[in-house]
Amino acid sequence: MPNYKTIKGTHDLLPGQMDKWREVESQCLAITKQFGYQEIRTPVFESTELFQRGIGSDTDIVTKEMYSWKDQGGNRLTLKPELTAPVARAYIQHQMGNQNPLQRLSYYDTLFRRERPQKGRQRQFYQFGAEAIGSPHPEQDAEIISLAYTIYKSFNIQNMIVKLNSIGSAEIRPAYLSHLRNTLQSKKQKLCNTCKTRLEINALRIFDCKNQSCQEILDTHAPLIFHSISEDDKRHFDTVMDILTSTGIPFEHDKKLVRGLDYYSHTTFEVTSQSLGSQDALCGGGRYDGLIQQLGGKYVPAVGFAAGVERLLLAMTKNNAAVKFPLVYMLLLGEQVIKKGSELVQELRKTTGKTIVMETLRRSMKAQMREAGRCNAEYSIILGENELNSRMVVVKHMESGEQYEVPFSDLSAWFSVK
Ligand code: AMP
């Protein structure tokens, strides 16, 4: 017999987990909406070239991790491994800049990367995030960071650190990169193989390396890009920090935090949580003023962040920030009450908007009450022959055990104020 299992690095979301997922999704989207961001959803696959240009053809994602194929028509396609490039593509394709000089966009979507699976790192995973396209100003960077922070705070995530840096504007980069390359050339033999290549192609990305010996070389020898940024760049960064300070968002200036591609500039940031272990990044983001142009649009400044949903859920479990769901369980005692019970349940769902679950296994009263407890019902409603005759039900508050007799005709009103 075949023994089918999920593919390595993918997982099922079982019913017990889905409620929590939906709750997280709606809370993330509600907060992004509160900040004025509107949701966008792009297709699951796009042209491979979009990601090569949009993520960078020398990045790990593009060289090793994409699920790509050629379809029957010979088109090179890829399951999306990130969302900024597709959102930027949509922005250009639908001329969104003509509708509004500033587009605030948010997303909640699934991505695919062929990475080595481990805790907090899957091959299919979910991200939520936001992109503000159109403003070059530091208050926009601060808004994006504040949005990410507010979302994590709303889930009561503890041990959270916002790390922040500036890599300055694109003009200062060529001189800095040649300085960095020259400095590291004599240490090349001690770098890992990936960083040896990075040194030639894009030396800034060596800062992203997780290898301890590469980090030690950087710590002792590498000049930091922050020390090369211009006075204007510094002013931009100071304003971001001032706004964050005045709005009560704690952060650390981490001068090694960089984004290695040409179209990134100014602010880079990351939110980490110490409770996550080795994969401690909750989200990453920054300013990418050159991307829209790189993908064929006009020059439009932009800033955004992308956050892993699995990592958020892991951090929530560690912090016991589990979400609770109010639910009402309708107990039906005897075949003769099924019709009336179904009618009441339908009516209650319509009038109260609450989750109402009705017994359909015809179990004993004791077993039905146990079931109500198992699914964490806030209230149970008991409908038996006596209740049917007296045209009222018994409503039980599960935690306190208190019981109330409520006439059928008052039931909707009774629950509406609960
Ligand atoms: P990135 O798009 O690489 O900047 O990642 C942004 C965020 O997505 C990270 O901070 C993680 O929270 C999450 N993330 C990235 N890759 C994975 C993965 N393979 N599995 C789960 N979450 C991920």
Side-chain angles (χ1 to χ4, degrees), residues 32 37-71 75-97 102-115 122-136 140-141 144 148 167 170 201-202 204-205 208 258-270 281 283-309:
T32 47
Y37 287 70
Q38 287 186 306
E39 195 181 355
I40 181 166
R41 175 126 341 148
T42 58
V44 173
F45 57 93
E46 301 256 5
S47 80
T48 301
E49 198 190 323
L50 172 73
F51 299 114
Q52 287 168 334
R53 287 184 80 88
I55 304 174
S57 49
D58 67 316
T59 54
D60 286 352
I61 296 182
V62 171
T63 53
K64 301 190 271 198
E65 296 169 1
M66 296 204 303
Y67 286 95
S68 302
W69 73 100
K70 239 185 203 175
D71 75 1
N75 304 300
R76 290 171 60 236
L77 303 170
T78 293
L79 288 179
K80 57 184 165 188
E82 67 94 64
L83 283 154
T84 307
V87 169
R89 194 261 315 129
Y91 175 89
I92 300 165
Q93 179 177 340
H94 303 290
Q95 300 176 352
M96 294 171 81
L102 178 63
Q103 286 287 351
R104 289 186 166 96
L105 304 169
S106 66
Y107 51 75
Y108 197 104
D109 212 339
T110 185
L111 303 181
F112 307 86
R113 291 183 198 171
R114 199 175 186 285
E115 294 192 82
Q122 292 82 237
R123 290 183 169 180
Q124 179 181 359
F125 61 101
Y126 289 77
Q127 274 189 352
F128 64 91
E131 318 285 352
I133 308 179
S135 169
Q140 190 62 68
D141 308 28
I144 280 284
I167 56 170
I201 299 171
N202 189 347
L204 199 54
R205 295 200 47 244
D208 291 335
V258 299
R259 302 230 132 194
L261 296 171
D262 289 348
Y263 48 77
Y264 287 114
S265 59
H266 294 287
T267 313
T268 59
F269 77 99
E270 197 174 83
C283 80
R287 184 164 271 290
Y288 53 93
D289 288 350
L291 179 65
I292 308 271
Q293 196 168 38
Q294 166 94 6
L295 294 179
K298 293 187 195 140
Y299 175 82
V300 189
V303 54
F305 77 91
V309 175

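For this chain, numbers begin at 1 and follow the sequence in order. Predicted model, so just to flag it, every value in this text is computed and none were measured.
- Side-chain N or O atoms of T110 include none that pairs as donor or acceptor with a backbone N or O of Y126 at under 3.5 Å.
- The two residues V44 and F112 have their closest heavy-atom pair at CG1-CE1, 3.9 Å.
- Looking at every heavy atom in both residues, A85 comes nearest to L50 through O-CD1, 4.0 Å.
- Side-chain atoms of I133 and M96, non-hydrogen and from C-beta on, never get closer than 4.5 Å to each other.
- Using bins of under 30°, 30° to 60° and over 60° for the plane-to-plane angle, the ring pair F128/F305 lands in the perpendicular bin.
- Side-chain atoms of V303 and T267, non-hydrogen and from C-beta on, never get closer than 4.5 Å to each other.
- Between the CD atom of E65 and the CZ atom of F51 there is a distance of 13.5 Å, given to the nearest 0.5 Å.
- Counting only heavy atoms from C-beta outward, the side chains of R76 and S68 never approach each other to under 4.5 Å.
- Remark: R89 CZ to L295 CG distance equals 10.0 Å, nearest 0.5 Å.
- Contact annotation: the side chain of K80 approaches that of D109 to within less than 4.5 Å [non-hydrogen atoms, C-beta and beyond].
- Rounding to the nearest 0.5 Å places CD of E46 at 9.5 Å from CG of L83.
- Put simply, the side chain of R104 reaches to within 4.5 Å of the side chain of L102, judged on heavy atoms.
- A donor-acceptor distance shorter than 3.5 angstrom exists from the side chain of R41 to the backbone of Y108, with no hydrogens or angles considered.
- The local environment of CZ in R114 is sparse, with at most 12 non-hydrogen atoms from other residues, nucleotides or ligands closer than 6.0 Å.
- Counting heavy-atom neighbours within 6.0 Å of F45 CZ, excluding the residue itself, gives a total of 12 or less.
- In this structure a side-chain-to-backbone donor-acceptor pair under 3.5 Å is missing from T32 to Y37.
- A distance of 8.0 Å separates SG of C283 from CD of E270, quoted to the nearest 0.5 Å.
- Y288 and Q294 form no side-chain donor-acceptor contact under 3.5 Å, judged by distance and modelled atom types alone.
- Counting non-hydrogen atoms of neighbouring residues, nucleotides and ligands closer than 6.0 angstrom, the CD atom of E39 exceeds 12 such neighbours.
- Looking only at distances, no side-chain donor or acceptor of R123 sits under 3.5 Å from a matching main-chain atom of R113.
- The shortest side-chain heavy-atom distance between R205 and T59 falls under the 4.5 Å cut-off.
- T42 has its side chain out of reach of Y107: every pair of non-hydrogen atoms, C-beta onward, lies at least 4.5 Å apart.
- Taking 4.5 Å as the limit, every side-chain heavy atom of E131 sits out of range of all side-chain heavy atoms of Q103.
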